[in-house]
Amino acid sequence: MSKVLSAVAWPYANGPRHIGHVAGFGVPSDVFSRYMRMAGHDVLMVSGTDEHGTPILVAADKEGVSARELADKNNTVIVQDLVDLGLSYDLFTRTTTGNHYNVVREMFRTVHGNGYMVEQTTLSAISPSTGRTLPDRYIEGTCPICGYTEARGDQCDNCGNQLDPTDLKEPRSKINGETPEFVETQHFFLDLPALAEALGEWLDDREASGTWRPNVIKFSKNILEDIRPRAMTRDIDWGIPVPGWEDQPTKRLYVWFDAVIGYLSASIEWARRLGDADRWREWWNPAPHGGEDALSYYFMGKDNIVFHSQIWPAELLAYDGRGDRGGEPGEYGALNLPTEVVSSEFLTMEGKQFSSSRGVVIFVHDVLARYQPDALRYFISAAGPETSDSDFTWAEFVQRTNSELVAGWGNLVNRTANMIAKNFGEVPAAVALEPVDEEVLAAVAAGFETVGDLIGRHRQRAAIAEAMRVVGEVNRYLTATEPYKMKGDDQRDRLATVLHVAAQCVLDCNVLLAPFLPHSSNKVWATFGGEGEFMPMPRIEHVQDLDPDDGAGIGTYPIITGEYSGTPRWGRRPVEVGTTVEKPTPIFTKLDPSVVDEELERLGR
RNA sequence: GGGGCGGUAGCUCAGUCGGUCAGAGCAGAGGACUCAUAAUCCUUGGGUCGUGGGUUCGAGCCCCACCCGCCCUACCA
């Protein structure tokens, strides 16, 4: 048994999240975490909303509310979406808590003390009216190369040339149209070059493990070639104050030294709420102080690879004092670097890039309001952007739901339960197993090995396809044995045997599919007379900020947590003879093909 | 400009170390069956494996060039 940290990317709280987000990190991380718990590992799954930064300020200004109010609102929405999807976080928190602020400060002080945080002066664009940093992409102007009048500060969309905002002719703020001011400003930079060697060694070691997706390790090594210091602070008044610069309220830590630290701060918050304040160390500190066998898996979309395979490990190395400048770990002790950075690609929507502003978007909330959460989880697991971009279309969603979930798996559950209810009213005992019975039992049991191995290697599409292939084996078994033709008393024993075997196989398949389809696994469990919850589900709790005076002043806030110790083991559990089975109600709802047109029309609006 | 990824049956995609690799699922066609949400089961796929070269006894799989699509390029997060 290992300590397994499931570190899930922090959704940005500038609005509700769309299905591309949960396809990239949400569902894959939950499938993995649920499976690892079933396999007997001690999983700690953490995340939260990322609530600082310019986009949130801009969105808040637009709505006429404060940044904190906007973050509160979107945090509430996102928390509800994720819990409705059944994502089994041990703790889903926020970056605005006092606990997070304190952990970030401790990280900063130690990294600074170890010599990896250096001050540099840069030329930066600020908004004259607010004094806030204007990120390059919030500056527009005329391209000096092609004359395009709507070039952005980082790049001209017309000629494709990379630009510096100071190159633009007639620069203007995209936010309010005013002319930005370019001023010299002091910032703290993380000295990445001093950590490059250690980073390279870590990446070489990770590459040698052979477990990372090839494109992720390649990309990570590639960006290491051109490594340079990165600013960890910004001129902005919404974020975590910079230790040592408390007298400068318009200087705050940047997301690179904020959100990624959330993995650690959330682990600490989880332990504190548990009343066992040092418990987090089992996942974070190397042996002998921490867990003997602590593994960490980071889930995200490909746009976040640089954060997780460069910035965050560099910060950990700097904290540990393992770069060129040496140093000592701070009060948290030496911290483990990621075991694996599990990055997915992007989901597109009817062939186009998601874009909230252009209406090319489908929010998680809207899907869950109209369809079963497991239907979305199934689509994402079976057809998500695991190793290359993939496309979500309503036609494929309906088709996969109806022909695979409903007709394949749902129907197997239904026909099996129906025959048992009609003929026995309870799970019958097997009388005498014939070769065909032994064969299907063996074929299904083999699935625990094959499906589990695939999930462990982050090949979830192949894993769920394999599970569905096993479901097909059981459907074929019923067709081959024809229990529905066994009417006579002389066939009673054979009928009992076949239905007993079928029930066993259905419950086995339910285990195989449980990481992917936790909601329906509970229904299947109940259909065959199971007591209580089969797969534990997350819940929302409203809690007090643990350090109310140190954070952004959020007071009481909703967290996602859960009690997952009752998670069933990965493997066969003998079906209980004599359990009452009543006429079942279908597990999944079949979708009318008309929903394709309805949804496309919604998109068009 | 630089870096990366992809282009395989109508659709979505598998193809690990080059030699049963030309495949799966879905859709379509035909048939069987009726326990089940008209579900299930069986049969049915000849697609220049983006294009043109090359290496090799042999290449979707290796090399080169080109075409097309997508992503990244570090002050979006």
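Naming convention: chains lettered A, B, ... in sequence-line order (proteins, then strands); numbering from 1 in each chain. Values below: all heavy atoms of this structure, side chains included; hydrogens, waters and symmetry mates excluded. The structure presented is a predicted model; accordingly, all values stated were derived computationally and were not measured.
A:Lys590 comes within 4.0 angstrom of a base, heavy atoms only. Residue contacts for A:Val406: at a heavy-atom cut-off of 4.0 Å it reaches a base atom on one of the strands shown. Using a 4.0 Å heavy-atom distance criterion, A:Lys221 is classed as making no nucleic acid contact. Counting any heavy atom pair closer than 4.0 Å across all strands shown, A:Ala407 reaches sugar-phosphate atoms only and no base atom. In this structure, A:Thr122 reaches the bases: a heavy-atom distance under 4.0 Å links it to at least one base atom across the strands shown. Counting any heavy atom pair closer than 4.0 Å across all strands shown, A:Phe346 reaches sugar-phosphate atoms only and no base atom. No contact: A:Asp391 has no heavy atom under 4.0 Å from any strand. Among the heavy atoms of the strands lying under 4.0 Å from A:Arg461 are primed sugar atoms or P, OP1, OP2 only; no base atom is included. Using a 4.0 Å heavy-atom distance criterion, A:Pro55 is classed as a sugar-phosphate-only contact. Backbone-only engagement by A:Thr387 is indicated by non-hydrogen atom pairs under 4.0 Å involving sugar-phosphate atoms exclusively. Base engagement by A:Ile587 is indicated by at least one non-hydrogen atom pair under 4.0 Å involving a base atom.
In this structure, B:rC17 forms no base pair with any nucleotide, since neither Watson-Crick nor G-U wobble geometry is met with both distances under 3.5 Å. Across all strands shown, B:rU34 forms no Watson-Crick or G-U wobble pair with both distances under 3.5 Å. Pairing for B:rG28 goes to B:rU44, judged as Watson-Crick or G-U wobble with the two contacts each under 3.5 Å. In this structure, B:rC66 forms a base pair with B:rG50, meeting either the Watson-Crick or the G-U wobble geometry with both donor-acceptor distances under 3.5 Å. Of the nucleotides present, none pairs with B:rA22 by Watson-Crick or G-U wobble criteria with both distances under 3.5 Å.
The environment of A:Gln120 atom CD is dense: over 12 non-hydrogen atoms of other residues, nucleotides or ligands sit within 6.0 angstrom.
Of the listed nucleotides (B:rC71, B:rC33, B:rA14), B:rA14 has the atom at the smallest distance from the side chain of A:Arg459.
Along RNA chain B, the nucleotide nearest A:Pro586 and the nucleotide nearest A:Asp303 are compared for position; the residue whose nucleotide lies closer to the 5' end is A:Pro586. Between A:Gln399 and A:Glu396, the residue anchored closer to the 5' end of RNA chain B is A:Glu396, taking for each the nucleotide with the nearest heavy atom.
In summary, the aromatic rings of A:Tyr371 and A:Phe397 are positioned with their centroids under 6.0 Å apart.
Between A:Ala59 and A:Asn14, the shortest heavy-atom distance links the atoms CB-O, 4.4 Å.
Between the side chain of A:Asn411 and the base of B:rA36, at least one donor-acceptor pair of N or O atoms lies under 3.5 Å.
Within the 3.5 Å criterion, the main-chain N or O of A:Pro428 finds a donor-acceptor partner in the side chain of A:His500.
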Stepwise side chain to side chain contact (heavy atoms under 4.5 Å, CB included) test for A:Glu404 and A:Tyr378: CA-CA 9 Å; A:Glu404 298 176 28; A:Tyr378 182 81; 2.5 Å; yes

